Amino acid sequence: MSQVEKKAGLLRRTSSSKKPLKEKVVLMYDEIFAKEDPAKNNARFWDELFLMKVNLEYLESKLESVDGEEVQRIQDNINSLFHHCVQALGEEHQIKVVNALQTLCALFRGVHQKNKSASGFDIINMLMGFDKAEQRMKDLMERLDSLLCGDGSESLKSLCLKLLLCLVTVTDNISQNTILEYVMINSIFEAILQILSDVSSRGQHGYDAVVLLALLVNYRKYESVNPYIVKLSIVDDEPTLDGMGMVVHQALTEYNRQYKDKEEENQGGFFSTLTSMVGSMFIADADEKLSVQTNEAILLALYEAVHLNRNFITVLAQSHPEIDIPTTPTTPTPTTPTTPLGTTPPSLDMMNNPELPLDPNLQTSNLLITFLKYASIVMQDTKDEHRLNSARLCLIILTCIAEDQYADAFLHDDNMNFRVNLHRMPMRHRKKAVDKNIPSRPLVCAVLDLMVEFIVTHMMKDFPMDLYLRCVQIIHKLLCYQKKCRIRLHYTWRELWSALINLLKFLLSNETTLLAKHNIFHLALLVVNLFNMFITYGDTFLPTSNSYDELYYEIVRMHQVFDNLYCMVLRVSTNTGQWKEAASKVTHALVNVRAIINHFNPKIESYAAVNHISQLSEEQVLEVVRSNYDTLTLKLQDGLDQFERYSEQPKEAAFFKELVRSISLNVRKNVSLNTLSQDVLLKEFSTIS
Amino acid sequence: TRSRSFPPPPSDQNSPCPSPSLSISSSPSLSLPSTPSSSCGPPQAVTPPLGVISEGVAELSLVIDAEVAHRACQEVLQKVKLKQLPAAPSSAAPSPPAAPALNTPVKPLKIREEDDPEGPAPGSVKSARRRQRHNPSKQSWLLRLFESKLFDVSMAISYLHNSKEPGVQAYIGNRLFSFPHEEVDFYLPQLLNMYIHMDEDVGDAIKPYVVHRCRQSISFSLQCAWLLGAYSSDMHISTQRHSRGTKLRKLILSDELKPAGPRARRDPLTLTPFCPVASPAAIGEHGLSPSKRTHQRSKSDATVSISLSSNLKRTASNPKVESSQDEDSSSSSDSLEFEAGPPVRLAPQREFIKSLMGIGKRLATLPTKEQKTQRLVSELSLLNHKLPARVWLPTAAFDHHVVRVPHTQAVVLNSKDKAPYLIYVEVLECENFETSSVPIRIPENRIRSTRSVENLPDCGMTAEQRAGSFSTVPNYDNDDEAWSVDDIGELQVELPEIHTNSCDNISQFSVDSITSLESKEPIFIAAGDIRRRLSEQLAQAPTTFKRDPEDPSAVALKEPWEEKVRRIREGSPYGHLPYWRLLSVIVKCGDDLRQELLAFQVLQQLKSIWEQERVPLWIKPYKILVLSSDSGMIEPVVNAVSLHQVKKQSQLSLLDYFLQEHGTPTTEAFLSAQRNFVQSCAGYSLICYLLQVKDRHNGNILLDAEGHIIHIDFGFILSSSPKNLGFETSAFKLTTEFVDVMGGSDGDMFNYYKMLMLQGLIAARKHMDRVLQIVEIMQQGTQLPCFHGSSTMRGLKERFHMSLTEEQLQLLVDQLVDGSMRSLTTKLYDGFQYLTNGIM
């Protein structure tokens with residue numbers, strides 16, 4: 001409240017208010033909350049009101065303090081206030097517009113605060129009056145739209161967006177915010193797009209616009225036809241989509257940068273902790289220090305864009321140099337022409353185009369790379385609720401990407417090679433990878449690396465089963481694409497195989513604990529089927545004939561794991577119980593792996609015996625493998641190269657509902673009108689008026 | 001078609017002036033009635049007596065066709081005859097076609113050369129005097145030659161260069177109009193070099209033609225501007241500034257030489273008689289006060305003609321007139337082209353080239369190939385945002401608009417300190433790139449069918465946007481619209497889906513493995529089969545090169561062109577359009593390509609000589625675009641990789657590589673590849689010998705998919721050789737590896753190789769002058785290293801061995817081949833290259 005006092009004090013000195021202890025605006029608020037029509041005695045009441053500096057706190061608290069009966073009494077005045085606010089938005093006088101915007105904000109917030117349990121219709125009635133609501137909201141949205149699209153002040157636009165964000169997040173559950181029904185009818189989608197397509201406005205308001213869009217898309221997503229979903233899904237204007245991508249890119253880059261800074265800050269203590277760790281695989285306390293507030297809102301926006309808009313996929317691969325400082329106006333952007341595209345000759349503006357910075361150390365990057373880096377950070381630690389959500393969302397986004405053929409095409413494009421420095425969790429038993437040694441490879445390698453990285457780092461008691469399933473499914477989808485398009489990726493598949501085998505091993509050794517919570521057989525089945533993909537379709541996508549031998553070598557070498565798995569699933573499937581069915585699927589899936597083991601093991605043993613070698617070298621085993629293929633018969637399994645396509649509904653609906661709720665809370669907390677309140681605005685507009 | 005794009009001004013029929021298209025300058029002795037006022041011409045006493053086709057603003061858009069040009073030539077010729085051969089009765093009738101005796105056109109030239117001493121500059125009183133000294137009979141031979149059917153561009157250029165006779169020069173200047181454009185275009189470097197560096201008479205003779213062609217064509221204008229800049233660059237800076245070449249270049253770039261709008265076409269003053277100093281369009285440049293006045297007046301008179309034109313327009317029965325008006329208004333409404341400042345016509349292409357060069361310059365600052373490649377890719381993706389536009393690749397053989405640069409396909413080429421790079425360029429072929437409408441931009445993402453919600457009411461916005469962007473494109477030809485909008489529509493509804501709330505993807509995967517629900521019988525496969533299929537498929541796949549970050553171009557160049565085209569087409573939003581084509585170009589920044597251009601011309605000339613003489617030598621001249629003295633573009637040879645890359649990647653000898661690529665020695669494929677190899681070796685051996693091509697390491701010799709070798713990089717030819725180390729003294733490069741591919745030094749193919757060389761040399765010798773002329777003209781005013789010293793031309797001439805009999809010539813070829821085969825220096829040079837540049 002000290003702020004209020006300070007403000008009041010400031011005003012006291014400057015204003016000619018007659019009553020020294022109460023601001024004039026507060027008095028006027030009081031009049032509104034009185035029974036009488038405030039304009040009755042003073043015809044210029046509303047005009048004057050919007051010339052006054054808004055006292056948000058007072059107005060909101062006043063609204064909150066109104067109780068049930070009083071509401072009826074003052075409803076006319078509140079309706080009137082709302083009405084005049086909307087009208088004031090059309091004023092030339094910018095001060096009035098600012099004050100009206102802030103007043104509206106206070107109205108929305110105050111009314112909701114008070115009536116948390118009230119139905120949306122009551123709230124609408126209280127704010128606007130039922131009969132007029134439609135017209136009022138139409139006017140409001142139109143005014144906001146023209147303010148956002150006009151050439152007016154940037155702070156004014158920013159305030160409009162804040163108001164919209166405020167409106168969208170007044171309820172915890174966005175779908176219960178009935179006022180948004182009017183926002184659906186009177187779309188501001190076009191205004192949001194316009195902000196995103198313009199370089200300068202994107203720099204200043206892009207973030208808010210993207211978050212607003214992400215939230216609006218989630219309004220009654222599963223119950224009705226949300227026009228924002230429809231519209232977002234058909235946007236095909238490149239500058240706009242690029243703009244959206246840039247906003248997301250910058251936000252994620254900023255996160256990555258902050259994380260890196262923190263990491264460097266902690267570097268000193270890092271290794272000392274490292275050495276002191278004995279039992280635990282994870283360096284918990286060091287990691288906690290590193291946690292940076294994740295940004296689910298922007299991730300949700302990325303998800304919606306990738307999921308809903310097919311055209312957005314191209315934006316992922318749009319390359320531009322890595323930008324360290326976001327939201328600088330000089331930021332090089334790949335989009336310039338806002339004029340009709342076809343006619344723009346590459347004339348003068350081509351040269352004026354902000355040239356790419358000439359720093360040779362600057363890595364060329366794209367949204368996908370930044371996203372992968374971000375995901376590698378977020379997925380490191382999934383204990384925290386937010387991070388778990390973020391990690392899940394990251395994997396969902398990757399699932400969508402892996403299912404998209406166009407995305408797959410550029411992921412596998414041999415001409416698009418990048419170095420992607422993924423963040424790897426510092427672990428006791430492995431050295432920190434030397435960043436510089438990562439070769440430049442097609443992007444899919446980075447995705448696979450990320451998946452392998454996740455698999456090997458999350459085998460813990462509190463097993464993130466859901467994430468593992470997604471992870472394995474992403475790998476499967478990528479393999480299906482490679483098989484289908486006969487792409488022979490030069491990837492060290494061995495790392496993947498050994499990670500998967502280790503995962504099976506972990507499932508086995510923690511069978512009882514895990515079974516209490518999860519269906520581990522489903523995951524085991526997916527993992528075994530990945531091996532089946534390699535075994536039966538390896539000829540279509542493995543890079544060398546040697547890699548096929550290596551696959552067998554790896555299976556034979558780790559046969560113990562498969563043997564144990566088979567014993568376990570056999571045991572479960574012969575018993576009666578809830579896992580009987582699931583386990584028996586795994587036994588069937590294991591048929592080829594077991595055939596391989598049973599075929600080669602005796603051969604290797606006899607080879608060792610004949611040659612009197614106790615320990616065969618890898619080369620010798622491979623030799624045995626190579627010379628004994630012909631006597632091995634495999635069974636072709638059905639549907640290995642098919643997968644269930646991602647679908648948000650019904651499976652993910654609950655997750656997104658919760659996610660949107662948490663984002664709403666977060667946004668509401670952060671939309672502080674005060675940050676952009678009077679001081680800045682007054683400075684700006686005092687000169688105008 | 002041309003007349004369709006440039007409709008003749010309606011004033012043609014209505015104009016009071018009887019000869020709107022040509023102003024024949026009136027010589028004092030012969031005044032033509034068609035010239036309304038001769039007061040304008042500066043009254044110089046020494047005015048060249050011969051008319052040159054002049055070009056005023058009036059006939060800008062008018063095509064001076066061969067017939068008109070021929071008429072002008074006839075008139076000049078008549079005058080020449082009248083003046084110089086007063087006794088000859090030739091004025092009665094045009095000379096009959098040249099006698100068969102004239103089939104060696106060199107002769108008259110030679111005679112003239114002999115009795116025409118190098119001396120005082122012509123175009124003065126002296127030249128007039130000298131003219132009278134001439135033997136009339138020789139002159140008549142010359143005249144008969146000029147009129148003969150055999151008189152071609154090559155001869156015209158030769159006479160223009162060698163003749164000191166203003167009359168002849170003027171005649172040839174006019175004659176240029178009657179040759180097909182392509183034929184003259186070949187000699188454009190020569191023409192412009194003469195314009196820059198030779199005396200005024202030659203310049204005056206050439207200029208009208210150049211100006212006329214510039215008006216007709218943007219690409220010709222730019223071509224001229226670039227060449228003028230490049231060939232002026234060796235002049236001293238002070239003279240360069242005021243040289244005629246620089247002035248013409250400025251004139252072209254100022255874009256004053258554009259086809260005028262309808263009002264200028266009717267400007268009466270442009271029919272002013274020819275001023276010998278400058279054509280009216282260039283008057284402003286010359287700053288002569290009387291001509292300046294004309295310029296001013298023509299401007300003020302223009303206002304009068306506007307009303308005239310509108311009257312005409314109303315009465316015009318020709319609908320084309322209307323459409324041409326519309327064109328003008330629509331293009332002026334195109335704000336971007338209008339605002340861009342004065343030289344709008346040439347601006348897009350200039351900016352396009354400039355940005356390509358800018359990329360090259362910036363790439364050069366990056367240390368590693370990998371960084372360069374990445375940077376190149378991202379720079380090009382930015383460039384894509386400005387496309388399509390009215391820009392084109394000058395190296396292409398057909399009219400087109402560039403629509404997209406598939407940026408991920410671009411590669412940085414191997415070069416030590418500069419950054420040449422190769423880009424692929426998607427273009428749409430069109431009838432005429434100046435007038436056909438620029439294709440509509442199809443966003444990158446349009447390649448994919450939009451997740452269709454088309455059937456929902458709310459998609460109006462995008463449709464509107466599209467329509468909005470569409471209307472601003474000036475449409476010259478309504479037929480062309482057909483592909484731009486409709487196809488997009490088709491593309492979008494490729495996958496009609498019903499929108500669901502979740503908007504999920506619907507599987508596009510074709511189901512590969514049969515989900516055998518009915519036949520529950522298990523299918524068994526042998527592991528050995530899988531393994532075998534894997535190795536077979538790997539072996540079957542066309543040999544690709546391994547990706548090497550230090551040599552990014554190897555992979556890109558190895559990929560068969562057809563396959564690349566198909567692949568890029570599939571990935572392009574424009575790929576579905578029927579006129580889609582893929583081109584490629586090497587952008588060189590920091591390299592002087594003038595020598596390359598010279599080599600291209602010589603190669604092209606030899607190629608056509610060998611074709612004409614039916615000698616099956618094979619060479620592949622690749623097009624060169626000189627942009628300045630230190631930048632340019634090269635048309636890449638498709639389906640070819642360097643021998644260095646072949647050896648490094650395959651680790652095989654050349655013969656073994658041939659066997660790997662084409663099959664065993666008895667197969668048809670191998671034999672035809674071997675024949676191609678031999679024919680190309682013979683061709684390039686001769687080229688290397690004649691032009692003294694040096695720096696022949698394996699990085700500079702390409703091998704194409706059919707077995708041809710192709711020499712590239714003519715940086716060291718004629719009098720220049722690298723580092724003056726005295727290496728490479730052999731006539732050409734013929735390693736034992738080459739001989740092995742030919743089947744050994746005593747095989748039939750090797751003899752065939754030598755025979756081809758002999759035949760090729762004999763044919764080249766027969767037409768030696770056509771080759772010499774190209775080189776000789778370019779020697780003027782240049783400081784190119786290939787012309788270093790004084791004996792360049794003599795040396796070149798000697799290598800044709802005019803004096804030897806065919807038997808002697810055969811001996812010479814044997815010697816050359818023997819010498820090259822035994823040459824230690826070739827081996828030494830390869831070793832030297834390996835040590836210094838890592839080229840195998």
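Computed from a prediction, not measured in an experiment: that's the story for all the values here. Labels below follow one simple rule: chain letters A, B, ... track the order of the sequence lines, proteins then strands, and each chain is numbered from 1.
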Task: Non-neighbouring partners of A/Tyr219 that pass ring-ring contact (aromatic ring centres under 6.0 Å, His included), sequence neighbours left out - done: none

Task: Those residues that, when tested against A/Arg488, pass salt bridge (Lys or Arg N to Asp or Glu O under 4.0 Å) (two or more places apart) - done: none

Counting only non-hydrogen atoms closer than 4.5 Å, does [X] touch chain B with its backbone (N, CA, C, O), its side chain (CB onward), both, or neither?
{"X": "A/Tyr552", "answer": "side chain"}
{"X": "A/Thr536", "answer": "both"}
{"X": "A/Ile535", "answer": "backbone"}

Task: Between A/Tyr548 and A/Phe534, ring centroids under 6.0 Å - done: no

Task: For the student: nearest non-hydrogen atoms of A/Arg626 and A/Asp549, plus distance - done: NE-OD2, 2.7 Å

Task: When A/Thr633, A/Asp630, A/Leu634 are compared by non-hydrogen pairs under 4.5 Å with chain B, the top option - done: A/Leu634

